[in-house]
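The shown structure was predicted, so the numbers you read here are calculated from the model rather than taken from an experiment.
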Amino acid sequence: GVHRHRCWGRRPAAQRPAPLRDAIGVAAASPARRVRRAPRGCSPRRRDAACGPSGGRRRRAATHACAAAVSAAGFLYHFRPILTQRVLLLATVVTVLVYSGNTIPSNMNLFSPEVLGDEPAKFAGMQNALRFGFKVVAGAVLGWLLTRSHPRQGLVASATIFLLAQTWAIFATGTAYLVAFGLYGAGELIGVYAPNYILSASRPGDIRRNMAFVTLLMVPAAPTGYLFGAIADSVRDAGWQLGDMTSTALGFRVSFGVCALLILLGILVALMKLPRTPGLVGDAPKTVAENSTSVVNHPRDKDGRFTNEDE
């Protein structure tokens, strides 16, 4: 007898029923067509505007914007105790303004061919040597200064060196321009003394949270890197010139000037609004040492007992 398969598709073609055999032949002969259906909810009139490729990009952009808004709201809610304290809030503003200097080294490197007349790669070793050499010396000097002064002094001093680096980059010519990288390296110590100021203003129970907050302060300062690049490109594309400077050189120098203004603004806020030695602020409960007064110098009677006034 004929071996019967459990599936019609596995039976020999001659033994398949005629309707099934005809259907298979029609399907094999007809070309495969991919039917593209419009997304649900899209009318023909709105299909191209809202449901096409551009509409997909808009939906993705809206999704990313919503996610960024939710993240920002969560960030502000979590760190609201810091942002509602005047001293910590002002210290945060100063730190973000001065941290904008951390985004300028790309422009400083790209400006090297204009001021040095050669490729930046040839001066990379010298730039790094000056950058870290100045940082070593400045670290020792600023550390000594901090032990002889107050927390605000270290913050202002390192920010001033950062400002001096941009001023030097604006006016220096020839190989003297390389000194700007050394000054920049010394000014990078703002990443030590700005957190130190916030640390000195934090209660012991808030230190871990506040230091985590400080590590995130480069996020709001990061867009200034795009700003400096856009300024340099805009001046170059506009063809502006000043004296013997080309439009490219002028664009970079203008970006250095804007960076210097942001750092200067941070220094002025620190000098006018921040106390030299901040008190402990925060929402954590006070420690025993903060709640109690020392009894070592309390007056006692001849038997060693506290007097009635102190009791």
Side-chain angles (χ1 to χ4, degrees), residues 53-55 57-58 60-62 64-65 68-69 72 92-128 130-131 134 158-188 190-191 217-270:
S54 59
R57 286 192 294 269
R58 283 195 295 268
R60 287 192 296 271
H64 295 162
T92 298
V93 172
V94 171
T95 303
V96 172
L97 288 172
V98 180
Y99 272 12
S100 62
N102 289 323
T103 63
I104 198 64
S106 296
N107 281 25
M108 295 176 66
N109 287 322
L110 293 173
F111 184 52
S112 297
E114 297 292 329
V115 68
L116 297 174
D118 211 335
E119 292 298 324
K122 295 184 178 181
F123 300 95
M126 180 61 67
Q127 290 174 6
N128 287 326
L130 291 172
R131 179 177 176 180
F134 274 57
S158 54
T160 302
I161 299 175
F162 233 2
L163 175 63
L164 182 60
Q166 299 310 308
T167 306
W168 190 281
I170 293 173
F171 297 104
T173 57
T175 54
Y177 173 73
L178 294 174
V179 178
F181 292 94
L183 295 172
Y184 174 84
E188 283 182 305
I190 187 65
L217 293 184
M218 265 307 297
V219 175
T224 55
Y226 176 82
L227 172 66
F228 300 147
I231 290 173
D233 290 342
S234 299
V235 174
R236 181 198 61 196
D237 295 341
W240 296 347
Q241 294 183 355
L242 181 63
D244 296 334
M245 281 189 293
T246 63
S247 59
T248 303
L250 179 61
F252 284 121
R253 285 191 163 109
V254 171
S255 67
F256 300 154
V258 174
C259 180
L261 287 177
L262 292 176
I263 297 174
L264 179 61
L265 181 59
I267 295 174
L268 293 177
V269 173

Do you know which two heavy atoms are closest between [X] and [Y], and how far apart they sit?
X: Val115; Y: Thr173; value: CG2-CA, 3.7 Å
X: Leu163; Y: Ala260; value: CD1-O, 3.4 Å
X: Ser247; Y: Gln241; value: N-CG, 4.0 Å
X: Phe181; Y: Ser112; value: CZ-OG, 4.2 Å
X: Leu183; Y: Trp168; value: CD1-CB, 4.0 Å

Hey, does the side chain of [X] reach the backbone of [Y] with a donor-acceptor pair shorter than 3.5 angstrom?
X: Thr103; Y: Ser100; answer: yes
X: Trp240; Y: Gly251; answer: no
X: Thr224; Y: Leu227; answer: no
X: Tyr177; Y: Met108; answer: yes
X: Arg253; Y: Ile170; answer: yes

| said: For a side chain to side chain contact (heavy atoms under 4.5 Å, CB included) check, start with the C-alpha distance between Ser106 and Phe111, then their side-chain angles and the critical distance, and finish with the verdict. | reply: CA-CA 9 Å; Ser106 296; Phe111 184 52; over 6 Å; no
| query | Given the rule in the side chain to side chain contact (heavy atoms under 4.5 Å, CB included) test, do Tyr184 and Ile161 qualify, once you have shown the distances and angles that lead to the verdict? | reply | CA-CA 7 Å; Tyr184 174 84; Ile161 299 175; over 6 Å; no
| message | Please determine whether side chain to side chain contact (heavy atoms under 4.5 Å, CB included) holds for the pair Thr160 and Ile263, giving the CA-CA distance in whole Å, both sets of side-chain angles, and the decisive distance to 0.1 Å. | response | CA-CA 8 Å; Thr160 302; Ile263 297 174; over 6 Å; no
| query | Under 6.0 Å between the ring centres of Phe228 and Phe256? | reply | no
| request: Mind running side chain to side chain contact (heavy atoms under 4.5 Å, CB included) on Asn109 and Gln127 for me, showing each step along the way? | output: CA-CA 9 Å; Asn109 287 322; Gln127 290 174 6; 2.9 Å; yes
